[in-house]
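Structure first, commentary second.
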Amino acid sequence: MTDWVFHAQSNDEKQQILHFIFEEIGKQTNFGRGILVYHETARRILKPEILLENLRIIFHSNADLWEASSVIVQQLVDLGKIDEALTFALQTTEKFPLVYQIWHDLSLVYKFKGESEKEIEALERALQIFSNWSFGLQQLSDAYERSGRFEDARILLEGALKRTPLDHFLYGYLANILWRLDRKEEAIEAAKKAVTLEPDYEWAWQVVRNWSMEIGNPELAVDLARDLTKEKPKDVRSWLIYARMLDGEQLIGQRLEAIENSLKLDPENVNALALKANALADAGRFAEALEICKTGSESGFISEQLRFVQSGIEAARGNHQECIRQCEELTRSAPDYYPAFERLAEYYSRMAEKKPEYLRVTRAMVRLLPQNPIVYGFLGEASLLMNKRSEAKLAFAQALKLSPEYAFSGFQLFDLHFRDDEFEECQSVLNILKVFVKTDNTSIREIALNAKKGDLERAQALFRELCFSAEADAAQFNYVFEKFQQCHLKDAEFVYETLKQASLERSANPMIGAYLIEKCWEKGYDSACLDALKEIHSKEMVWSKAAARYMELLLVRGGAANVADFVRKNYDDLQRNSEIWGSTGYILVESGNMVSPDSWFENWESRENVRPWMLWNYVLALRNSGDIKKANEVSKKALDLPADDTINRHQLMIGLDAVHAGDYETAFNSFIGVDIRFLGDFDQIFYSLLDTGLKIYDRYANGSANKAEDLTSELIESGILEIKYHQSQIVKSAFHSSFSSALVLSDDVWFKTKKRLRILLSRIGF
């Protein structure tokens, strides 16, 4: 039945098959298995309400079969009808007390209700009936883990594996528990055992790769997969697994070779074709990759997987709207294909104008994977963006019930309750987070709750702990100060005193220097700040953060001249580590004080711990001064440093310079390396110029000169308006260079003359 539906080539065909099966279940004598398979197949294709109605009809004709009851309980849970599901599940356990699967259904209801002890009791009852039931053991282990009973989970799994030593899933669950218990070597060995028993166990392969990298042995997964190809050279799966483990640009050649070996064994294997297309795209060979995606069956049908890969390749090429269009089309023709919905959700979550679409696709994700906590996180965020606060709370709460380690949902749910003054609910969520998410993001919420409840002694003690946390960052401190302000505690004396005392201690988090200076500025403007800087001078990193913040305040409220004076008086201190050196460079560029960029940045190559964001300020200064060549060189060197969120900007400018120089291959390689999720409004200008420049070149290269000239005209007209109203010299220079590089490509002398005259007239005000 499952294969029949799987090989259907349209959603209509799938629906017709399911309707035929539903009718046959009503006509023929049933032994139960068909009902389970029908439900499992139909739940991703039919609307949940329609499926529930069908299952009720089946139940009335087969009330003596436990399977007919079981699927109704599961479907009620999928629909969120938990109270009805509980009533039905309890009745079913009374009717079929010796059927272990029925007890699992009851445990599922309790899981969704967040009643972990009752969930565990139901699963333990199921395993009393069938002690070697692998799925039940997995679910009980998961329930123990969600309750924080990690040792109980380990004992359960190790005992089960003595009885069923060839169960790869149980080894996978054991590996996860051992890792949680910080028994990392044992965890990796358990995961290795799992993939040895079942080479198709994708989760275990993934953790072997991830964990081996974490312990400093990144070749472990590759070596294990390579050994598998030697043991089973005629097995397609072994070559595909090996190809997946060969990650990274430097291994693309080996990856393609492994994929070709799998295709020699099975030329129509969809997984192999998808891997090949992705590998070719990673190598920048997009035309070949897209051709692979067109591979269809004899009837011309192209699988959902290949269509999905094609959409991803379009995204990699920068054709994001086309990627979205293809994914939307895929969701219509195959509404049971989850990956397409998830990709759309990732896009729509970043697009302010697509909030309704984001909510629509996340609801579909819940329909397809109703027991996956991540989909409820998506749904909660989408509901919140649509100002559906109650729905958001329900979604985040459901995610937390299913996975108490799911930090995003826990934090979002706490913050929603906090805004609504729901203290008991806040404490309930906090209790879960303190067990499962032991990070500063949990601590800052405990600070906020105590502050709001008026327990200032506890809030102060926790705030002091935060001041000494090595991992706490600006976002976390900002969260606390925002909550202090909401609780009218921003100016509370304990805040200032805690910062002041902590700043004098060696183990303090450097960030507190910046917040101390803000408090000093509020208290006594300039003199108080200088006094504080003098007092903490010996604490290098705290002083550095404080000095950087002081210069920012000076620039905003005191003027560029005061910044220059401070830099002059503290020149050596502002050079003593790369953090404050980079921050000072940023301030100098922002203030316009930099006559010669080299005067501050020239020693960057001899410094330690330089980051791309520091060099980005150097690049801006160089481009403002007109030294494009040197700016380009600095950006290229920045790409060799540990990445941060300015890598995209360096990549953009390298690509744009390449377009202006006529080096379109370099420009394209830079373009596909840009992650649009991290581009600000200023960056979007350069991204658009790079995108347009490549499209103009592509149209000329494909013989579409008229289309290229139309696009060039649009570029010039929009650019003239942008130049007129934009103050940045870098932006103006980028547009003029883009005009020139686009016109060079045209062979039409008259067209070029008209456009150059248009540009010239715009420069003199016409």
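Partner of E329 under the side chain to side chain donor-acceptor pair (under 3.5 Å) criterion, chosen from Q326, R325, R332: R325. Checking each of E49, R56, H39, E53 against Q75 for a side chain to side chain donor-acceptor pair (under 3.5 Å) leaves exactly one that passes, namely H39.
Between Y201 and F169, the distance separating the two ring centers is shorter than 6.0 angstrom.
Side-chain contact between S349 and E381: present, with at least one pair of heavy atoms (C-beta onward) separated by less than 4.5 Å. Taking 4.5 Å as the limit, every side-chain heavy atom of L76 sits out of range of all side-chain heavy atoms of V73. In this structure the side chain of V366 never reaches within 4.5 angstrom of the side chain of F378, judged on heavy atoms.
Contact check on R445 versus D415 returns a salt bridge, with a Lys/Arg side-chain nitrogen under 4.0 Å from an Asp/Glu carboxylate oxygen. Of the charged side-chain nitrogens involved, at least one lies within less than 4.0 Å of a carboxylate oxygen, so that E422 and K393 count as a salt-bridged pair.
By the 30° and 60° cut-offs, the orientation of the rings of W179 relative to W211 is parallel. Taking the six-membered ring where tryptophan is involved, the planes of F414 and F418 are essentially parallel, since the angle between them stays under 30° and well short of 60°.
The cationic atom of R350 (NZ for Lys, CZ for Arg) lies less than 6.0 Å from the six-membered ring centre of Y347 and within 45° of the ring axis.
Within a 6.0 Å radius of CD in Q427, more than 12 heavy atoms belonging to other residues, nucleotides or ligands are found. Remark: E424 CD is loosely packed, at most 12 non-hydrogen atoms of other residues, nucleotides or ligands lying under 6.0 Å away. Shown here is M386, whose CE atom has more than 12 heavy atoms of other residues, nucleotides or ligands within 6.0 Å.
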